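The next block holds one structure in the form of structure tokens; read it before the comments.
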Amino acid sequence: MNLNFSAQDQAFRQEVRTFIARALPADIQHKVVNGLILERDDYVRWQQALHAQGWGGSSWAREFGGTGWSAVQKYIFEEEVAAAGAPRIIPFGVKMVAPVIMAFGSPAQQQRFLPKILSAEEWWCQGYSEPGSGSDLASVQTAAQRDGDHYLVNGQKTWTTQAQYADWIFCLVRTDREAKPQRGISFLLIDMKTPGITVRPIITMDGAHEVNEVWFDNVRVPVENLVGEENAGWTYAKFLLGHERTNIAGIGIAKRELARLKRIASQETKHGKALIQDPQFALRIAQIQVDLTALEITNLRVLSAEEQRKTPGPEASILKIKGTEIQQAITELMTQAVGLYALPLRRDAMAAGYQGEHAGPAYATSLAANYLNMRKLSIYGGSNEIQKNIIAQMILGL
Ligand SMILES: Cc1cc2nc3c(=O)[nH]c(=O)nc-3n(C[C@H](O)[C@H](O)[C@H](O)COP(=O)(O)OP(=O)(O)OC[C@H]3O[C@@H](n4cnc5c(N)ncnc54)[C@H](O)[C@@H]3O)c2cc1C
């Protein structure tokens, strides 16, 4: 195992930094670094900038227009863009459905969908979860019944992130009610403009419209939008979740947010001194720093193993748990640093260009919403409890 970056990797890191300095729009960077509200267009512009560089598919194989980067290069790239204040790459197309289409889709599906994912012309959302099916995903009930050369889809998905922006949704649907739950699921690509689809917003406790319910009422989907084989969707669904877990530790994001925490703690005061000099507060920051460094080393160990084996293993669960705990701990300390000024929850003041008054320092305005929003990290992408089950079974053999 080699945990040091090679000279080539270091040169690559420099290349990524040079690109970011040139291509990351300053207004978008400002929003990310200060926790302000990002619009659809911000994500799209960043994806387009990556695409123009040939880096739109950072984790894709070259034959599909990707970079063909190694696991270490992908890691360096993700870490650098996050630390620099780039928005997250819209994951649903690039990182979720695209790998499935590449591995299991027909050549016609590959030609139809992949280029528009790369160029951000089409926005995707993920239709896995339902009101009764989250952790227990194999119990999905949304039904797709064959009707000639179409499927007739009926049911409901929920927690569908950014469905309000989406042109397409990839869905797990039940095509066989008699078979074992895992054997009766298919993977369908559905045009969001099809009659019978209704998107209803869910407003989360931070006041954001990030997630939705998506309802299907006799939605007609052409059979050619089925990925792979009918009733084999569970295999594709699991394959996708494996991809969702790569780079799950969020090291770059945690580094950026830790730097923000330190900036805030340097400006806040306690007994006439900068808060960051308060021994108790400094100790808590130091603990996060230590945890983050340990996680980074663990991540490199996993990457080193992945380079040999080529697929992400169950160790990704460790990265998910620790990574999300660290990110949540940072948001907690940020709110504590500003005390009462974290209390007002004002989304209008979190928009870039807001000219009105802030209750306290401007940097405090987004902290409560950020704290509340980041609770999601331990729920989605396989909840942290489910990750602990995976560790217990697959790593500890319990
Ligand atoms: C902000 C946000 C965005 C999301 N975006 C999407 C999206 O775009 N598309 C999509 O399809 N889904 C999305 N989800 C849904 C997400 O994947 C589910 O919320 C998640 O899988 C948990 O499922 P659930 O909410 O049904 O909770 P449940 O599965 O009902 O779990 C409830 C609690 O019980 C625990 N639990 C459940 N089973 C076990 C077990 N076997 N052992 C131990 N503990 C267990 C869980 O950890 C949790 O604490 C999103 C969720 C959130 C919060």
Side-chain angles (χ1 to χ4, degrees), residues 37-38 40 43 88-98 100 117 123-142 153 155-174 181-182 185-190 192 197 199-216 233-234 236-245 248 250 253 314 316-317 320-321 324-325 327-328 331 369-396 398:
I37 295 169
L38 288 163
R40 179 188 197 277
Y43 296 101
R88 274 180 168 248
I89 290 163
I90 318 157
F92 310 105
V94 173
K95 294 187 174 180
M96 293 188 188
V97 76
V100 172
I117 291 175
W123 188 297
W124 284 80
C125 63
Q126 179 186 26
Y128 272 26
S129 304
E130 298 181 3
S133 308
S135 306
D136 178 20
L137 198 54
S139 68
V140 287
Q141 293 300 321
T142 295
V153 179
Q156 184 206 342
K157 297 292 174 182
T158 194
W159 307 122
T160 322
T161 301
Q162 290 164 337
Q164 73 269 33
Y165 299 152
D167 302 295
W168 286 83
I169 182 169
F170 57 91
C171 278
L172 295 185
V173 290
R174 186 150 301 284
Q182 284 86 345
I185 294 173
S186 298
F187 195 104
L188 265 193
L189 312 177
I190 305 179
M192 290 291 279
I197 298 182
V199 177
R200 295 189 187 145
I202 300 173
I203 304 302
T204 41
M205 59 185 171
D206 57 338
H209 176 196
E210 183 175 318
V211 286
N212 302 271
E213 296 175 349
V214 181
W215 292 77
F216 300 87
W234 187 246
Y236 316 142
K238 283 193 302 182
F239 174 86
L240 181 149
L241 291 175
H243 277 264
E244 193 181 324
R245 289 199 189 110
I248 205 158
I253 297 174
S317 297
K320 156 104 208 274
I321 295 172
T324 54
E325 284 176 355
Q327 287 184 60
Q328 290 181 340
T331 65
N370 193 30
Y371 169 82
L372 294 171
N373 188 275
M374 287 297 117
R375 301 304 100 190
K376 69 187 177 189
L377 295 181
S378 42
I379 302 173
Y380 69 25
S383 74
N384 282 19
E385 289 78 18
I386 295 295
Q387 305 297 338
K388 285 178 188 169
N389 287 349
I390 294 172
I391 293 171
Q393 288 161 15
M394 312 226 358
I395 302 179
L396 302 176
L398 297 174

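Remember, predicted model here, so these are calculated numbers, not experimental data. Values below: all heavy atoms of this structure, side chains included; hydrogens, waters and symmetry mates excluded. Throughout, numbering of the chain's residues begins at 1 and tracks the sequence. Whatever order the structure lists them in is the order used to number ligands and atoms, beginning at 1.
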Which residue holds the protein heavy atom closest to [atom], what is that atom called, and what is the gap in Å?
| atom | value |
| --- | --- |
| atom 50 (C) of ligand 1 | W159 CB, 3.5 Å |
| atom 28 (P) of ligand 1 | S135 OG, 3.7 Å |
| atom 49 (O) of ligand 1 | E385 OE1, 3.5 Å |
| atom 2 (C) of ligand 1 | Y380 CD2, 3.7 Å |
| atom 9 (N) of ligand 1 | Q126 O, 2.8 Å |

Using heavy-atom distances, let me know which of I379, T161, V214, N212 sits nearest atom 8 (O) of ligand 1.
->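 Checking each option, the heavy atom nearest atom 8 (O) of ligand 1 is found in T161.
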
Among S129, S139, G134, whose heavy atom sits nearest atom 10 (C) of ligand 1?
->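 Comparing heavy atoms across S129, S139, G134, the nearest one to atom 10 (C) of ligand 1 lies in S129.
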
Spell out, as yes or no, whether a donor-acceptor pair under 3.5 Å connects the side chain of K320 to the backbone of L377.
->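 Looks like yes, one N/O pair under 3.5 Å.
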
Hey, does the side chain of K157 reach the backbone of Q126 with a donor-acceptor pair shorter than 3.5 angstrom?
->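 Not at all, since once roles are kept as given, no pair shorter than 3.5 Å links the two residues.
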
Could you pull out all residues at least two apart from E213 that satisfy side-chain contact (heavy atoms from CB on, under 4.5 Å)?
->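 By the side-chain contact (heavy atoms from CB on, under 4.5 Å) rule, E213 matches Q156, T158, R200, I202, W215.
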
Between atom NZ of K95 and atom CD1 of I117, what is the distance when rounded to the nearest 0.5 Å?
->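 Spacing of NZ (K95) from CD1 (I117) equals 13.5 Å.
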
So how far is it from N384 CG to Q328 CD, rounded to the nearest 0.5 Å?
->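 Result: 7.0 Å between the selected atoms.
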
Side chains of F170 and L240 in contact at under 4.5 Å (non-hydrogen atoms) =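 Yes. Closest side-chain heavy atoms under 4.5 Å.
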
Is the shortest heavy-atom distance from the side chain of T204 to the side chain of K376 under 4.5 Å?
->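 With C-beta onward as the side chain, the pair stays apart.
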
Residue [X] vicinity, atoms of ligand 1 by number, heavy atom under 4.0 Å:
| X | answer |
| --- | --- |
| Y128 | 11 (O) |
| S383 | 46 (C), 47 (O) |
| K376 | 1 (C) |

May I ask you to check whether Q141 and S133 show a side-chain donor-acceptor distance below 3.5 Å?
->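 There is no such pair (donor and acceptor under 3.5 Å, judged by atom type) between the side chains of Q141 and S133.
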
Using a 4.0 Å heavy-atom cut-off, say whether [X] meets ligand 1 through its side chain, its backbone, both or neither.
| X | answer |
| --- | --- |
| I386 | side chain |
| N389 | side chain |
| V211 | side chain |

Nearest heavy atoms of F187 and V97, plus distance in Å |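 Taking every non-hydrogen atom into account, CE2-CG2, 4.1 Å.
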
Shortest non-hydrogen contact from R174 to A138?
->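 So the minimum-distance heavy-atom pair works out to NH2-O, 2.6 Å.
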
Below 4.0 angstrom, counting only protein heavy atoms, does anything approach [atom]?
| atom | value |
| --- | --- |
| atom 30 (O) of ligand 1 | no |
| atom 35 (C) of ligand 1 | no |
| atom 14 (N) of ligand 1 | yes |
| atom 6 (C) of ligand 1 | yes |

Any side chain to side chain donor-acceptor pair (under 3.5 Å) pairs touching residues 161-170, not counting sequence neighbours?
->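 Sorted result for residues 161-170: Q164-N212.
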
